[in-house]
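Notes for the one structure printed next.
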Amino acid sequence: MAERQKFYLTTPIFYPNGVPHIGHAYTALATDAIARFERLDGKDVRFLTGTDEHGLKMKQTAAEEGMSPQELADRNSAVFRRMEDALDCTYDDYIRTTEPRHHEACTELWRRMEAAGDIYLSKYTGWYSVRQEAYFDEKETEVGDDGVRREPLGSPVEWTEEETYFFRLSSFQDKLLAHYEANPEFVLPRERRNEVVSFVEGGLQDLSISRTSFDWGIKVPSDPGHVMYVWVDALTNYITGAGFPDESNPLWGHWPADVHIIGKDIVRFHAVYWPAFLMSAGVELPKRVFAHGFLFNRGEKMSKSVGNVVDPFNLVETYGVDQTRYFFLREVGFGQDGSYGHEAIVNRTNADLANDIGNLAQRSLSMIAKNCEGKVPAPGSFTDADKAILAAADGLHVLVRQAMDRQAIKHYLDAVWDVVADANRYFAGEEPWAKRKTDLERMNTILYVTAEVVRQVAILAQPVVPNGAKQLLDFLSVAEDARDFAALGETGRLEVGVELPKPTGAFPRYVEPEAADGGKA
RNA sequence: GGGCCCGUAGCUCAAUUGGUUAGAGCCGACGGCUCAUAACCGUCUGGUUGGGGGUUCAAGUCCCUCCGGGCCUACCA
């Protein structure tokens, strides 16, 4: 038996200086959907996420709260982890940059870059922003009315001179451009790639990669007075999670990563700095960096009775995990910006989940329960209509795989729900309830075909709505080991005569809670 | 200043990458059905594809320009 194809994907590691917001949730649930998809498609998936716990901000926040940085990291990292759990994320490993294994990986990566001659000591002077952990040209800064000098994003800067190690990023310009050229889908979507290319074409300056102004970080091996710059530390997590530097670790077989899922705000670090570090250290480059867009709350009024639903935990509590996941993945083109609001979430999830697939399953399965002794009915010969809808369902696997090869999550869902809509039309057009009185065999056939389509749709929906999909598969008595994509198509057809449990509604409608307080925001 | 992306029905988006009368969902109106989660099916309303010009037998798609929105990057001090 051939070894399964490996698939390694990551989220960025989150900075647990504050509480998780909807952007973190979006990244995590999207990455999870991809992970589940590839797993169901037979791959040996490794899904890494975690928290990035070093830096001055952590140290300062900890001081403000009267605790050590490690205590703060422990406390807040747990919150992020709980968020991912609340979203039903199936990460295989939750990395924390304060762990020894990560210190080892960073240290070794640094050593290799140094050995390659790409690191040198020099002095950096300029306006430094603690919040951004970055220097700014004086021209970029501005003194505000309050007399405080700030960088463009508004954080205060102070004049700083420090000795710092530099990475020879400037010498990687041509190699990076050659890599983008040879791998047109290294950065997706296309617009992001264009930005990256034009940025690199504009010339690269060497990058300051160490700090002496604080000590909450990973020490530079040859010079412990320095700690590593945030991005050397943070980006390296992706190889730490694959066992680096122990290349005999079985996990190392997962590197290079198939895709780093990130938000578009951190494209440059992932598409320019990270590959340059790896080239320098002689480590293979990840195959793809996929940048998703931002989500905006378009001033939709959230109901007072449900409170501030923008918080990820509240979203899940208010609408449900499946609903939250489905909404963001179906409504927003992955890679583009999107917006969300109460009404949009309710409309989308009620229409697609409750009305379309939930109701289709319920109406067909309850007919089976009532008219077929609760067993999968035996179909007669198939008509053209039967064959057409079955063929549509059977054809989905190829279609969705094509979409997901480019992380086109929305397209994958579009395709699946097109079939759901077809199935509703089919069911209504064939009128099994009428055939019940005139032609039982025909009724059985229609119910069989519909249930079979529901089976395939449920299997395909698992990555996005794992709970509701599981419920549907349970209603169809589909064996646990027949729920992956290998069971799609003709080979996995429902077995006639199998007993089915009494169905109840999967994907309940969201109904507005009666405004008990009599008013709204 | 240079560069990139976008603007299609009230809303969210399609259109095999120049090829017939620009499609679908949601919303709305009307009708149907009763298996079903106030669900489902059908019909209809709704567009000079932001404006203008050009290339072509043919433009939502290519070129120019203007308007509007977003983003990357650089400069001016």
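Naming: A, B, ... by sequence-line order, numbering from 1 per chain.
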How many Å lie between [atom1] on [X] and [atom2] on [N], as a whole number?
X        : N      : atom1 : atom2 : value
A:Gln336 : B:rC5  : CD    : C1'   : 10 Å
A:Lys410 : B:rA14 : NZ    : P     : 7 Å
A:Trp417 : B:rC26 : CH2   : C1'   : 16 Å
A:Met443 : B:rA36 : CE    : P     : 13 Å
A:Tyr426 : B:rC35 : OH    : P     : 18 Å
A:Phe475 : B:rC35 : CZ    : P     : 20 Å
A:Gln362 : B:rC40 : CD    : C1'   : 13 Å
A:Lys502 : B:rA36 : NZ    : P     : 11 Å

Given the [atom1] atoms of [N] and [M], what is the spacing between them in whole Å?
N      : M      : atom1 : result
B:rC75 : B:rG70 : P     : 24 Å
B:rA74 : B:rC6  : P     : 23 Å
B:rA15 : B:rG7  : P     : 11 Å
B:rC44 : B:rU17 : C1'   : 33 Å
B:rC71 : B:rG28 : C1'   : 36 Å
B:rG60 : B:rU48 : P     : 13 Å
B:rG2  : B:rC67 : P     : 14 Å
B:rG47 : B:rU8  : P     : 14 Å

What is the ring orientation for A:Phe167 with A:Phe277, classed by angle as parallel under 30°, tilted 30 to 60°, or perpendicular over 60°? perpendicular

Using the six-membered ring wherever Trp is involved, compare the ring planes of A:Phe334 and A:Tyr26 and label them parallel, tilted or perpendicular (cut-offs 30° and 60°). perpendicular

Carboxylate-amine/guanidinium proximity below 4.0 Å for [X] and [Y]:
X        : Y        : result
A:Asp394 : A:Arg493 : yes
A:Glu185 : A:Arg406 : no
A:Asp32  : A:Arg36  : yes

On RNA chain B, nearest-nucleotide positions of A:Gly333 versus A:Gly505: which is more 5'? A:Gly333

Considering only distance and modelled atom types, tabulate donor-acceptor pairs under 3.5 Å from the side chains of residues 429-441 of chain A, sequence neighbours left out.
from     : atom 1 : to       : atom 2 : distance (Å)
A:Glu430 : OE1    : A:Arg442 : NH2    : 3.0
A:Asp439 : OD1    : A:Glu441 : N      : 3.4
A:Asp439 : OD1    : A:Arg442 : N      : 3.1

Think A:Arg190 has a side-chain N or O under 4.0 angstrom from the OP1 or OP2 of B:rC4? no

Residue-phosphate contact under 4.0 Å: A:Arg509 side-chain N/O, B:rA38 OP1/OP2: no

Heavy-atom nearest pair, A:Phe507 first then A:Leu472, reads CE1-CD1, 4.0 Å

Restricting to non-hydrogen atoms, name the atom on A:Asn467 and the atom on A:Val321 that form the minimum distance, rounded to 0.1 Å. ND2-CB, 4.2 Å

Mind checking if [X] touches a base, just sugar-phosphate, or nothing, with heavy atoms under 4.0 Å?
X        : result
A:Asn424 : sugar-phosphate
A:Glu191 : sugar-phosphate
A:Gly202 : nothing

For RNA chain B, what residues of [range] have any heavy atom nearer than 4.0 Å?
range                       : value
residues 428-435 of chain A : A:Ala428, A:Trp433
residues 348-356 of chain A : A:Ala354, A:Asn355, A:Asp356
residues 364-397 of chain A : A:Ser366, A:Met367, A:Lys370

Just by modelled atom types, is the A:Val267 backbone N or O under 3.5 Å from a matching donor or acceptor in the A:His270 side chain? no

Please determine, by modelled atom types, if A:Asp41 and A:His397 share a side-chain donor-acceptor pair under 3.5 angstrom. yes

Please find out if less than 6.0 Å separates the ring center of [X] from that of [Y].
X        : Y        : value
A:Tyr340 : A:Phe327 : no
A:Tyr229 : A:Tyr165 : no
A:Phe290 : A:His260 : no

Please pick, from [options], the nucleotide with the shortest atom-to-atom distance to any side-chain atom of [X].
X        : options                : result
A:Asn359 : B:rC13, B:rA39, B:rC26 : B:rA39
A:Arg425 : B:rC26, B:rG42, B:rA36 : B:rG42
A:Asn194 : B:rU12, B:rA14, B:rC4  : B:rC4

What stems involve RNA chain B, if each pair must be Watson-Crick or G-U and both of its distances must be under 3.5 Å, with 3 or more such pairs in a row? B:1-5 with B:69-73, B:10-13 with B:23-26, B:28-32 with B:40-44, B:50-54 with B:62-66

With ring pair (Phe, Tyr, Trp, His ring centres under 6.0 Å) as the test, would you mind laying out the steps for A:Tyr273 and A:Trp231 before giving the verdict? CA-CA 8 Å; A:Tyr273 300 173; A:Trp231 284 106; 7.8 Å; no

Run the salt bridge (charged side-chain N to carboxylate O under 4.0 Å, His left out) test on A:Asp405 and A:Arg401 for me, step by step, so that the C-alpha distance in whole Å, both residues' side-chain angles and the decisive distance to 0.1 Å come before the verdict. CA-CA 6 Å; A:Asp405 281 346; A:Arg401 191 187 259 164; over 6 Å; no

Can you tell me whether the base of B:rU17 sits syn or anti, using the 90° cut around 0 to define syn? syn

Less than 3.5 Å apart, which donor and acceptor atoms pair up between the side chains of residues 415-425 of chain A and the rest of the protein, not counting sequence neighbours?
from     : atom 1 : to       : atom 2 : distance (Å)
A:Trp417 : NE1    : A:Asp352 : O      : 3.0
A:Asp422 : OD1    : A:Arg425 : NH2    : 3.0
A:Asn424 : OD1    : A:Arg363 : NH1    : 3.2
A:Asn424 : ND2    : A:Asp356 : O      : 3.3

